[in-house]
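These notes are about the structure you will find just below.
Remember, it's 1-based here, ligands and their atoms both numbered in the order they're listed.
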Amino acid sequence: MPLVITEETPPDGYERLIFARDDESGLIAYICIHSTLCGPAAGGCRMWRYDNLDAARTDVLRLAQGMTAKNALAGVGLGGGKSVIVGDAAKDKSADLLRAFGRAVDHLGGQYYTAEDVGISPADMKIVSEETAFAVGLEGGDHGSGDPSPFTAEGVFQCLKVGARNVFGRDDLTGRRVLVQGLGHVGMSLAEKLHGAGASLIVSDINQNAVNDARDRFRADTCGVDEVFDAQMDIFAPCALGGILTMDTAQRLSAQLICGAANNQLAEDAVAEALRARGVRYLPDYVVNAGGIISVAGEIHKAGDSYREARLAGIATRIEEILEISAKTQRSTTRVANELVDQVLADAAGTNLELTA
Ligand code: NAD
């Protein structure tokens, strides 16, 4: 049976949700378009071992909505969307499966651009691109942007310096204790930058090889994965999983500043207020980790390096603005960022939004 695409009814506030299935290649995927108010939707494709279809559907909805917020504040003229493929990237991925996914993306006719996310590499995206012009994050070519991770790391690093200036009165990181949780594509690159800036690193990862590597390269202290929230640090840089900032960990954390790449760090929005009440500055993840999508947007818009550089610098400026408004209004940085997103979307929709005090 060829690729079967089913249009599902999305929840309120979402534009489109499609389910794609190709029995020959084993493809089972969701593609969600949350919003095209700011432009065609863009967001990566994640391949993950979901327990069931409901879990995959829930994830794609949450991630697509997050992309709307990220893309709106990054000013990249793109809306929010995301895709997930159900399966083990190490075992189930094949060229046929990726091509079938490419045909599903192409079915949306340019309403959605896909790129790399967890489990999907630039080499995989190249195969997807054989079936659709709406696959980006490609290596080579006139505008190919390749792996977005170094740009994500650079954006996080710049924001971390803004945060340090705000909290400690100076952005010189010499001797600052920074704990980097997760030493993957972004975390290792960030650790390298922090080491170069003189920070004193503590590193943690479930992958012992990565921990040993960082320990040797950056003279980093190491920390068990269960000890992170009890370690002594000035700055916490979460670059692994989402959902790590809970009411409990927010109380335990010794850091005065949180700035990292991981998506969806807050287990619930109320944690942002709990952190604020303790005097901990939390820099909203979807603002600081926008470097990757900025890099991808340059490819979509066929723009030069100056496009990317200007917007990358804009991330740090946005964080300064958010910290300033947060201090002035005594509202959490998350609430301030969410309100700025609402404003961008309202402007894009040509409506006037009444913001609540
Ligand atoms: P990655 O898969 O390369 O790295 C993740 C690392 O976290 C791995 O080394 C893994 O072993 C480690 N890890 C997993 N569970 C852990 C735990 N409990 N404790 C400590 N370490 C753990 O991913 P990445 O591309 O570096 O992305 C990191 C985070 O940043 C993810 O949340 C991702 O969604 C987000 N993000 C990445 C980009 C990008 O450009 N790559 C852009 C925006 C957001």
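For atom 34 (O) of ligand 1, the closest non-hydrogen atom on the protein side is N263 ND2, 3.0 Å. Distance from atom 42 (C) of ligand 1 to its nearest protein heavy atom, with residue and atom name: T152 OG1, 3.4 Å. For atom 8 (C) of ligand 1, the nearest non-hydrogen atom of the protein is D205 OD2, 3.6 Å. Counting only heavy atoms of the protein, atom 14 (C) of ligand 1 lies nearest to I206 CD1, 3.6 Å. Closest protein heavy atom to atom 18 (N) of ligand 1: L241 CD1, 3.7 Å. Scanning all protein heavy atoms for the shortest distance to atom 43 (C) of ligand 1 gives N289 O, 3.6 Å. Counting only heavy atoms of the protein, atom 28 (C) of ligand 1 lies nearest to C239 O, 3.2 Å. Here the protein heavy atom with the shortest distance to atom 3 (O) of ligand 1 is H185 ND1, 2.7 Å.
For K70, every heavy-atom contact with ligand 1 shorter than 4.0 Å involves the side chain, none the backbone. Only the side chain of V225 comes within 4.0 Å of ligand 1, counting heavy atoms alone; its backbone N, CA, C and O stay farther away. At a 4.0 Å heavy-atom cut-off, ligand 1 touches V186 through backbone and side chain alike. Only the side chain of R46 comes within 4.0 Å of ligand 1, counting heavy atoms alone; its backbone N, CA, C and O stay farther away.
Comparing G182, C223, A240 against atom 29 (C) of ligand 1, the shortest heavy-atom distance belongs to A240. Nearest-heavy-atom check against atom 30 (O) of ligand 1 across G155, A261, A290 picks out A261.
No side-chain donor-acceptor contact under 3.5 Å links Y112 and T36. N263 and Y286 form no side-chain donor-acceptor contact under 3.5 Å, judged by distance and modelled atom types alone. For the residue pair D248/T246, the side-chain donor-acceptor check at 3.5 Å is not satisfied.
Ring geometry for F134 versus Y113: interplanar angle over 60°, hence perpendicular rather than tilted (30 to 60°).
Of the charged side-chain nitrogens involved, at least one lies within less than 4.0 Å of a carboxylate oxygen, so that D305 and R308 count as a salt-bridged pair. Classification of R99 and D96 as a salt-bridged pair holds, one side-chain N sitting under 4.0 Å from a carboxylate O. Between D171 and K161 there is no salt bridge, since no side-chain N of the basic residue sits under 4.0 Å from a carboxylate O of the acidic one.
Distance check on atom 40 (O) of ligand 1: some protein heavy atom falls below the 4.0 Å cut-off.
Taking a 6.0 Å sphere around NZ of K193, one finds it holds more than 12 heavy atoms contributed by other residues, nucleotides or ligands.
Near S204, meaning under 4.0 Å from any of its heavy atoms, are these atoms of ligand 1: 20 (C), 21 (N). With ligand atoms numbered from 1 in the order given, ligand 1 contributes 40 (O) to contacts under 4.0 Å with heavy atoms of P148. Residue L183 has at least one heavy-atom neighbour below 4.0 Å for each of these atoms of ligand 1: 9 (O).
Using a non-hydrogen distance threshold of 4.0 Å, G242 does not register as a contact of ligand 1.
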For this session: Would you sort out whether E339 and Q343 count as a side chain to side chain donor-acceptor pair (under 3.5 Å), showing the intermediate values?
Result: CA-CA 6 Å; E339 287 173 357; Q343 192 64 66; over 6 Å; no
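Between Q181 and ligand 1, not a single N/O pair is under 3.5 Å apart.
Smallest separation of non-hydrogen atoms from E15 and L37: OE2-N, 4.2 Å.
The only option from V162, L257, I235 that meets the side chain to side chain contact (heavy atoms under 4.5 Å, CB included) definition with R281 turns out to be L257.
For the pair R215 and F218, the cation-pi test (distance below 6.0 Å, angle within 45°) is failed.
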